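Here's the structure, in structure tokens; my notes come after.
Keep in mind that this is a model prediction, so the values were computed, not measured. In what follows, every chain begins at residue 1, and chains take the letters A, B, ... in the order their sequences are listed.
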Amino acid sequence: MAERRYDPHEIEPRWQALWARERTWEVSNEGADPRSDGRGGAAGARAPKSYVLEMLPYPSGEPHIGHLKVYSVGDAIAHFHRRLGARVLHPMGYDAFGLPAENHAIKTGVHPRDSTAESIASFQRQFRSWGISIDWSREFATCEPSYYRWTQWIFLELFRAGLAYRKEAAVKWCPKDQTVLANEQVDAEGRCERCGALVEVKQLEQWFLRITDYAERLLGDLDALEWPEHVKTMQRNWIGRSEGAEVIFRCEELGIDYPVFTTRPDTLFGATFFVMAPEHPDVMRLAHATPYEHAVHDYVNHALTETNEERGNAEKPKTGVPLGRTVTNPVNGEQIPMYVADYVLMEYGTGAIMAVPAHDERDYAFARAFDLPVRRVIAPRDALDTVEAAPGEDGLPFVGDGVLINAPDEFDGMDNREALGAIVAWLDREGKGHASVNYRLRDWLVSRQRYWGAPIPILYCESCGMVPVPDDQLPVELPDIEDYTPKGRSPLAAAEDWVNTTCPKCGGSARRETDTMDTFVDSSWYFLRYCDARNEHAAWDPAALREWMPVDQYIGGVEHAILHLMYARFFTKALADLGHLDFQEPFQALFTQGMVTKDGAKMSKSRGNVVSPASIVERYGADTARCYILFIAPPDQDADWSDDGVEGMHRFLSRLWRLSAVLAERGDGGAADGWSGAGSGEAGTRVAGGAGEGAHAGAGETAREGVDLELLRKAHWAIDKVSTDLRRFAFNTAIAAVMELLNECSRLREQASTPALSFALCTAASLLF
RNA sequence: GCCCGGGUGGCGAAAUGGGUAUACGUAGUCGACUUAAAAUCGAUGGCCCCCGCUGGGGGGCGUGUGGGUUCGAAUCCCACCCCGGGCACCA
């Protein structure tokens with residue numbers, strides 16, 4: 001028998017060509033896929049569906065090792081579901097709008113469309129050479145007009161529902177590039193990521209999506225999701241729900257009510273001053289005609305130009321200026337002085353706070369700095385006597401629970417948690433406040449003064465005002481332009497022919513909105529489009545969504561734990577409310593894969609420790625690359641790349657292959673067929689469904705022939721272990737089980753050649769790939 | 001500061017409704033094949049001590065640290081140390 005070598009470069013292209021020719025991984029939307037029912041279930045019974053999805057890649061340059069990992073994990077799960085008899089939707093697309101392509105265009109003059117297309121082609125080539133089982137018939141890029149037409153339609157649906165609105169807001173502005181920046185484009189030191197200039201804050205009209213309306217549901221619905229606990233925690237923290245009360249403080253001099261939000265209405269009797277954020281619109285008005293007018297003006301101006309980094313530092317000494325006015329504490333009628341100070345944030349609560357220095361660290365620090373009175377109103381229960389006997393400020397600020405002191409008889413001596421409710425009830429009765437819930441979550445700013453994004457489909461008509469582009473005029477296509485450099489307005493504004501248009505309402509002249517949408521908008525609904533990707537008449541047919549959604553298993557990096565995963569949930573809920581969907585959550589189960597490092601550090605060009613998937617595939621074949629990255633460590637953990645480990649995996653596959661070749665020559669044709677393809681993720685057509693049964697059927701038969709029962713037991717154990725581990729994403733132990741079985745078989749070649757064991761080994765191995 | 005993870009051989013790591021700790025791989029060592037190397041195959045494989053002494057056998061200690069529960073703990077409980085990540089002047 002001629003010595004044969006495992007040659008992935010012969011095997012893999014052969015199978016990949018077959019898959020392409022037979023369109024093996026395509027699934028239709030109508031009933032069971034004819035290709036997957038080889039073994040056939042009960043007549044007419046439809047196989048269960050499974051939607052396995054990895055986060056879509058941003059096509060920039062070539063795929064990196066992180067891509068290899070996420071798609072290897074997803075592909076193994078997709079195959080696994082197929083083996084269990086499901087019809088699996090496993091599509092692919094590209095998150096193709098965005099800054100890297102645009103910045104590249106600014107540098108080189110190459111149109112983003114061209115550089116993106118080039119990169120997409122490279123991703124396509126590699127995905128095919130990796131043998132990922134993708135339904136290519138549903139592929140799209142978010143920068144294609146046939147896709148962003150529907151992104152625009154969704155925007156308009158949200159607009160018509162009042163969920164998209166325009167508002168003046170403080171935004172990040174780069175004075176050098178003359179453009180607004182996304183928060184993500186500002187580095188930790190408050191500098192522009194491209195030119196390094198210090199970013200300023202500017203008040204500009206921007207488009208927002210009203211995600212805050214969904215705060216409660218986004219929070220509550222997390223409980224039922226099969227997501228990693230830390231991701232749910234991050235979203236909960238981001239939403240930041242606080243229960244408390246809104247309390248009204250009245251400025252008698254000007255006759256204006258100022259509500260504040262507080263989580264501690266039980267400390268109201270200790271409020272000794274009142275502070276407003278520098279951005280609060282009434283600050284200058286309050287200080288007007290007081291001795292502090294100039295000081296306030298200077299302070300506010302300075303605060304607004306400070307970077308977030310400087311201002312956000314809790315360690316820095318408290319600063320502020322009096323406003324020269326007072327407000328009335330509603331519970332005791334006391335006049336307390338007003339201040340403006342930058343430790344109060346405009347974006348949380350009402351932009352104004354009641355300050356209780358005895359029971360809040362920040363208020364305490366401010367009171368110390370400005371020599372303001374500190375009045376203790378809660379004392380720890382066990383230290384009550386000492387505190388009342390010597391009412392000093394020892395132990396202040398005190399933020400724990402206790403009993404009320406220095407309060408009216410009605411509340412004095414009451415447990416502070418009880419008092420909290422009692423005081424809110426009192427405020428409510430008096431019309432001076434009410435129980436309230438506050439969220440940290442803020443509305444989503446989606447407009448970008450950038451070229452490479454989906455245009456916001458809004459017109460501004462001289463007589464009709466803001467007019468949505470009619471659905472039949474979508475998409476609003478991006479015009480070609482020469483100069484992508486931002487000049488203080490969207491580059492689109494330079495395309496005069498495009499900007500000037502007619503109003504669909506009155507026929508008069510109108511101008512187009514020149515801002516484009518944040519790319520996170522594109523990726524907030526792409527998983528819906530896959531269900532009906534070729535639909536030219538609607539974003540989707542609801543029946544298609546009923547067939548596939550929600551995504552059964554979503555896989556991606558934890559870096560999207562908040563932004564993308566929150567936005568997609570928001571879109572799903574909003575679209576459900578508008579009657580376009582009938583489910584509330586897009587991703588039933590989530591898996592977040594860990595990072596692959598090299599020599600303990602993140603891979604980066606500057607560090608020179610980049611491992612390119614293409615070079616590994618070229619050298620060892622895709623199966624080695626994919627199996628290695630699954631075996632390296634539990635995939636949710638970070639793992640360090642090791643070249644030796646790759647060698648080991650290649651050795652394992654070689655042994656597996658050789659053993660299969662031996663079996664083939666001995667005439668176990670059926671099994672060997674499966675084997676030769678197993679490593680390459682062979683289609684379910686031959687192995688799926690039947691393999692497990694085959695192993696069981698063979699068991700009794702071969703036992704009669706006197707096969708080592710211990711080995712047979714081991715084979716069943718391996719199959720069981722592999723499928724259990726795949727359910728748990730424990731690829732490393734699943735592969736270990738197959739390796740162990742392989743070792744056993746090699747030791748006992750004669751017995752390994754029996755059909756039962758070759759089926760067993762084949763099944764266990766094929767479940768993996 | 002608050003909230004999540006996680007600490008097991010030289011390395012990646014198995015084993016957690018308590019029950020042979022270190023599966024599997026890798027590195028290492030020894031051997032077979034070979035003129036040699038590569039490839040391949042086989043053996044070995046926590047630490048310490050003792051006996052035997054080319055094959056082998058016995059004992060002790062071992063899952064970040066210190067306690068606890070238990071016949072029995074990597075696993076459960078309490079306290080602490082260290083590492084990683086997220087949030088952070090959020091009233």
Side-chain angles (χ1 to χ4, degrees), chain A residues 3 5-6 228-242 244-247 260-265 267-268 271 274-277 308 310-320 341-357 359-366 397 399 436 438-442 558-559 561-562 592 594-597 600 627-634 636-652 654-655 658 717-718 721 725 730-744 746-747 749:
Chain A
E3 177 67 21
R5 291 177 71 98
Y6 168 56
E229 206 47 52
H230 70 279
V231 174
K232 293 206 233 181
T233 304
M234 282 165 75
Q235 291 214 351
R236 287 190 191 106
N237 291 344
W238 188 262
I239 294 167
R241 183 181 197 273
S242 298
E246 203 163 283
V247 184
V260 301
F261 174 77
T262 177
T263 54
R264 296 294 304 276
T267 63
L268 256 167
F274 187 95
V275 191
M276 298 181 103
N308 276 8
E310 287 159 3
R311 228 186 113 170
N313 183 2
E315 303 302 312
K316 84 166 192 180
K318 293 281 176 285
T319 60
D342 65 4
Y343 79 94
V344 174
L345 309 173
M346 188 61 216
E347 56 267 23
Y348 186 78
T350 61
I353 62 155
M354 65 174 207
V356 184
H359 303 290
D360 181 278
E361 280 173 29
R362 299 149 298 171
D363 297 345
Y364 185 79
F366 192 85
V399 295
S436 169
N438 218 308
Y439 299 93
R440 209 188 69 112
L441 184 69
R442 286 184 263 155
V558 73
E559 66 272 18
I562 294 173
T592 53
M595 206 172 43
V596 182
T597 56
C627 288
Y628 171 64
I629 211 150
L630 295 180
F631 186 64
I632 184 170
D636 55 332
Q637 286 174 31
D638 289 351
D640 201 59
W641 182 274
S642 133
D643 292 332
D644 292 330
V646 183
E647 291 277 359
M649 184 50 70
H650 193 247
R651 205 169 300 153
F652 164 71
S654 300
R655 286 196 289 152
R658 271 196 308 271
W717 170 81
K721 173 122 180 93
D725 285 351
F731 298 100
N732 54 339
T733 53
I735 293 176
V738 181
M739 282 178 167
E740 214 175 328
L741 182 58
L742 171 63
N743 285 339
E744 206 72 26
S746 323
R747 241 190 309 271
R749 274 173 194 253

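Between A:His650 atom NE2 and B:U40 atom P the separation is 9 Å, expressed in whole Å. The nearest whole Å value for the distance from the CZ atom in A:Phe731 to the C1' atom in B:C24 is 17 Å. Distance, A:Lys318 NZ to B:A91 P: 14 Å, rounded to whole Å. Atom pair A:Trp641:CH2 and B:G12:C1' shows a separation of 13 Å (rounding to whole Å applied). Between A:Met649 atom CE and B:U26 atom P there is a gap of 9 Å when expressed in whole angstrom units. Regarding A:Asp638, its CG atom lies at a distance of 14 Å from the C1' atom of B:G86, rounded to whole Å.
Summarising the base pairing, B:A73 is matched to no nucleotide, lacking a Watson-Crick or G-U wobble pair whose two defining distances lie under 3.5 Å. Nucleotide B:U35 forms no Watson-Crick or G-U wobble pair with any nucleotide shown, as no partner meets the under 3.5 Å limit on both distances. In this structure B:G84 sits in a base pair with B:C4, meeting the Watson-Crick or G-U test at under 3.5 Å. In a base pair of the Watson-Crick type (N1 to N3 plus N6-O4 or O6-N4) or a G-U wobble (N1-O2 and O6-N3), with each distance short of 3.5 Å, B:C47 is matched with B:G60.
For B:C41, the OP1/OP2 oxygens have a side-chain nitrogen or oxygen of A:Arg658 closer than 4.0 Å. OP1 or OP2 of B:A88 sits under 4.0 Å from a side-chain N or O of A:Arg440. Not one side-chain nitrogen or oxygen of A:Asn732 sits closer than 4.0 Å to the OP1 or OP2 atom of B:G25.
Candidate nucleotides B:U40, B:C24, B:C90 were compared by shortest atom distance to the side chain of A:Arg362, and B:C90 ranks first. The nucleotide whose nearest atom lies closest to any side-chain atom of A:Met739 is, among B:A27, B:C89, B:C24, B:C24. If you check B:A91, B:G12, B:C89 against the side chain of A:Ile632, the one that comes closest is B:G12. In this structure, of B:A91, B:U26, B:G86, it is B:G86 that holds the atom nearest to the side chain of A:Met234. Nearest nucleotide to the side chain of A:Tyr348, out of B:C90, B:G12, B:G25: B:C90. For A:Thr263, whose side chain is taken as the heavy atoms from C-beta onward, the closest listed nucleotide among B:C90, B:A91, B:C41 is B:A91. Each of B:C89, B:G25, B:A15 was ranked by its minimum atom distance to the side chain of A:Thr733; first place goes to B:A15. The side chain of A:Ser242 sits closest to B:A91 out of B:A23, B:U40, B:A91.
Look at A:Lys318 and A:Glu361 and you find no salt bridge, because none of the NZ, NE, NH1 or NH2 atoms lies under 4.0 Å from a carboxylate O.
Residues A:Lys721 and A:Ser642 each lie close to RNA chain B; by heavy-atom proximity, the contact nearer the 5' end of the strand is made by A:Lys721. Looking at which nucleotide of RNA chain B each of A:Trp238 and A:Gly648 is closest to, the 5′-most match is held by A:Gly648.
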message: Using ring-ring contact (aromatic ring centres under 6.0 Å, His included), reason through A:Phe731 and A:Phe631 one step at a time and then give a plain yes or no.
response: CA-CA 6 Å; A:Phe731 298 100; A:Phe631 186 64; over 10 Å; no
- request: Carefully, step by step, assess A:Val247 and A:Leu268 under the rule side-chain contact (heavy atoms from CB on, under 4.5 Å).
  value: CA-CA 9 Å; A:Val247 184; A:Leu268 256 167; 4.1 Å; yes
Contact letters for nucleotides 3-8 of chain B, in which S counts primed atoms plus P, OP1 and OP2 and B counts the base, heavy atoms under 4.0 Å: SS----
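Ring-plane geometry between A:Tyr348 and A:Phe261 is classed as perpendicular, the angle between the planes exceeding 60 degrees on a 0 to 90 degree scale with a lower cut at 30. By the 30° and 60° cut-offs, the orientation of the rings of A:Phe366 relative to A:Tyr343 is tilted.
A:Ile353 comes within 4.0 angstrom of a nucleotide base, judged by non-hydrogen atoms across all strands. As judged by a 4.0 angstrom heavy-atom cut-off over every strand, A:Val738 is placed among residues making no nucleic acid contact. When heavy atoms are screened at a 4.0 angstrom cut-off, A:Asp363 is found touching no nucleic acid atom at all. Nucleic acid contact class of A:Pro634 (heavy atoms, under 4.0 Å, all strands): sugar-phosphate only. Contact annotation for A:Gly349: no contact, since no heavy-atom pair falls under 4.0 Å across all strands. Residue contacts shown for A:Tyr439 are absent, as no nucleic acid heavy atom lies under 4.0 Å away.
Of the residues listed (A:Thr733, A:Asp725, A:Asn732), the one engaging A:Pro634 in a side chain to side chain contact (heavy atoms under 4.5 Å, CB included) is A:Asn732, and it is the only one.
Side-chain polar atoms of A:Asn438 and A:Ser242 form no donor-acceptor pair below 3.5 angstrom.
Two rings, from A:His359 and A:Tyr364, have their centers 6.0 Å or more apart.
For B:A21 and B:U75, the C1' atoms lie 11 Å apart once the distance is rounded to whole Å.
Between A:His230 atom NE2 and A:Asp636 atom CG the span is 8.5 Å, to the nearest 0.5 Å.
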